[in-house]
Amino acid sequence: MSSDGYIKVSKFVSSHDAALVAVSKTRTAGQIMEIYNLGQRIFGENRVQELLVKKLLLPADIEWHLIGHLQKNKVKQLLPHVKLIHSADSIELLSLLNEEAEKQKLKVNVLLQVKIAQEESKYGFSLAELKIALTIYQSGKYPHIVVRGLMGMASLTPDREVVRSEFAGLHKIYMDLIESSGNGMEFFNILSMGMSGDYDIAIEEGANMVRIGSLLFQ
Ligand SMILES: *Cc1c(COP(=O)(O)O)cnc(C)c1O
């Protein structure tokens, strides 16, 4: 792992690098410091309150990412403290993020979470909704938001071919959007997919950011 949080995945499975988000939800500050001391600087939490508490306790050079569903009443508190929100999952949330970022005079970096799992998952855009959200964004309606890319979670299944095809599907959507090079897409370059159980497949299918918890904190 290099100091910028990128793991050299070439050693394992593939020829490109992926940024590692160390998922520290439910872990103590002491456990996080062990990973920090190895050089890791990007940590991901799925609850706003936990992220804020840990940010206060831990070194200031940690880059905090929110990876879990964001409740609307937590947006205001979260914004000054988060580097990237992986879980922008509705048009209502995007509007609110833009509004609050404007009030706080900052820009908020987000990934649009896309529903790729077959199972009924609660959160994420369908492909049709994603297109609507991007159309609104590209029309300039969210000047305080920077859409940095996409995030997805594969089905929880032992069938690795199902997982692979879901990741491949999201990669295709991601590449199509890059090629369309629409308005506001200058910084669209992050594909966040893969967790402890499936990050190797995700990287093979084009992820450049992986979110790993249990494998790191043992
Ligand atoms: C918990 C979590 C992870 C990490 O899961 P592990 O299986 O522990 O690696 C990744 N992404 C999201 C959105 C999570 O909530």
Side-chain angles (χ1 to χ4, degrees), residues 18 21 23 44 46-48 65-75 78 82 84-101 108-195 197-199 201-211:
V21 179
V23 176
N46 65 343
R47 297 179 59 227
V48 170
H65 291 193
L66 187 81
I67 61 171
H69 176 66
L70 174 55
Q71 286 172 293
K72 299 195 177 70
N73 60 0
K74 299 281 166 60
V75 166
L78 174 70
V82 72
L84 180 65
I85 297 172
H86 291 231
S87 43
D89 57 7
S90 72
I91 287 170
E92 294 74 21
L93 181 59
L94 289 173
S95 302
L96 185 59
L97 284 168
N98 182 64
E99 211 174 285
E100 192 54 44
V108 54
N109 287 284
V110 305
L111 305 180
L112 303 178
Q113 182 174 350
V114 184
K115 227 183 272 185
I116 55 171
Q118 286 170 350
E119 62 217 30
E120 243 338 289
S121 44
K122 273 188 290 187
Y123 301 118
F125 290 101
S126 67
L127 186 53
E129 292 163 343
L130 176 71
K131 291 201 165 134
I132 295 170
L134 279 167
T135 303
I136 299 173
Y137 170 68
Q138 292 174 344
S139 77
K141 232 188 136 197
Y142 305 136
H144 298 274
I145 292 180
V146 185
V147 174
R148 298 299 313 274
L150 302 179
M151 186 273 247
M153 295 170 79
S155 296
L156 274 173
T157 166
D159 187 339
R160 302 197 26 112
E161 287 316 306
V162 168
V163 170
R164 182 178 298 284
S165 73
E166 291 171 354
F167 285 150
L170 188 59
H171 180 252
K172 166 117 184 27
I173 296 168
Y174 171 77
M175 290 308 294
D176 287 349
L177 288 171
I178 287 179
E179 272 149 35
S180 73
S181 66
N183 225 350
M185 302 295 274
E186 297 81 1
F187 302 103
F188 188 93
N189 59 10
I190 300 175
L191 181 56
S192 166
M193 55 185 197
M195 323 200 309
D198 55 19
Y199 75 93
I201 307 174
I203 290 168
E204 284 170 358
E205 297 304 329
N208 58 18
M209 187 171 275
V210 292
R211 310 175 310 273

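Computation of the quantities below employed the complete heavy-atom set of this structure, encompassing side-chain atoms and omitting hydrogens, waters and symmetry-equivalent molecules.
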Query raised in the report: When you measure from the side chain of Asn109 to the backbone N and O of Arg148, does any donor-acceptor pair fall under 3.5 Å?
Result: no
Requested in this report: Tell me, yes or no, whether the heavy-atom count around Leu156 atom CG, taken from other residues, nucleotides or ligands under 6.0 Å, exceeds 12.
Outcome: no
Report summary line: Rounded to the nearest 0.5 Å, the CE atom of Met175 sits from the OG atom of Ser180 at a distance of 11.0 Å
Report summary line: Here the pair of heavy atoms bringing Leu170 nearest to Met151 is CD2-C, 3.9 Å
Query - Pairwise distance CZ(Phe125) to CD1(Ile116) - rounded to 0.5 angstrom - result: 15.0 Å
Report task. Please report the closest heavy-atom contact between Val163 and Ser155, naming both atoms and the distance. Result -> CG2-O, 3.8 Å
**Report entry** Pairs flagged by salt bridge (charged side-chain N to carboxylate O under 4.0 Å, His left out) wherever residues 165-194 is involved - sequence neighbours left out
**Finding:** Lys172-Asp176
Query raised in the report: Measuring from Leu150:CG to Gln113:CD, what's the distance to the nearest 0.5 Å?
Result: 10.5 Å
Query - Under the side-chain hydrogen bond (donor to acceptor under 3.5 Å, both in side chains) test, residues paired with Asp159 that sit two or more places apart - result: none
Query raised in the report: Are the side chain of Tyr123 and the backbone N or O of Ser87 linked by a donor-acceptor pair below 3.5 Å?
Result: no
Report task. Using atom types as modelled and distance alone, determine if a side-chain donor or acceptor of Asp198 lies under 3.5 Å from a backbone N or O of Met195. Result -> yes
Query raised in the report: Which pairs with one or both residues in residues 124-147 pass salt bridge (charged side-chain N to carboxylate O under 4.0 Å, His left out), sequence neighbours excluded?
Result: none
**Report entry** Separation of Ile201 CD1 from Met193 CE (nearest 0.5 Å)
**Finding:** 10.0 Å
Report summary line: CG (Leu112) and CD1 (Ile173) are apart, to the nearest 0.5 Å, by 11.5 Å
Report summary line: Closest non-hydrogen atoms of Tyr137 and Val146, given as atom of the first, atom of the second and distance, are OH-CA, 3.8 Å
Query raised in the report: Distance from Ile178 atom CD1 to Tyr174 atom OH, nearest 0.5 Å?
Result: 3.5 Å
Query raised in the report: What's the shortest heavy-atom distance between His144 and Asn98, and which atoms?
Result: N-OD1, 2.8 Å
Query raised in the report: Does the side chain of Val48 come within less than 4.5 Å of Gln71's, by heavy atoms?
Result: no
Query raised in the report: Sub-3.5 Å donor-acceptor pair from the side chain of Tyr142 to the main-chain atoms of Leu94, do we have one?
Result: no
**Report entry** Minimum-distance pair of heavy atoms, taken over all atoms of Leu177 and Met185
**Finding:** CB-CE, 4.0 Å
Query raised in the report: Is Asn46 reaching over with its side chain to a backbone N or O of Ile67, donor-acceptor style, under 3.5 angstrom?
Result: no
**Report entry** Heavy-atom neighbours of Arg164 CZ exceed 12 at 6.0 Å
**Finding:** yes
**Report entry** Stepwise side-chain contact (heavy atoms from CB on, under 4.5 Å) check, Leu84 with Val21
**Finding:** CA-CA 11 Å; Leu84 180 65; Val21 179; over 6 Å; no
Query raised in the report: Side chains of Arg211 and Met153: does their closest heavy-atom pair fall under 4.5 Å?
Result: yes
Query raised in the report: If you look at every heavy atom in Pro143 and Gly140, which pair is closest and at what distance?
Result: CD-O, 3.6 Å
Report task. Could you give me the CA-CA distance, side-chain angles and deciding distance for Ile85 and Leu78, then say whether side-chain contact (heavy atoms from CB on, under 4.5 Å) is met? Result -> CA-CA 10 Å; Ile85 297 172; Leu78 174 70; 4.0 Å; yes
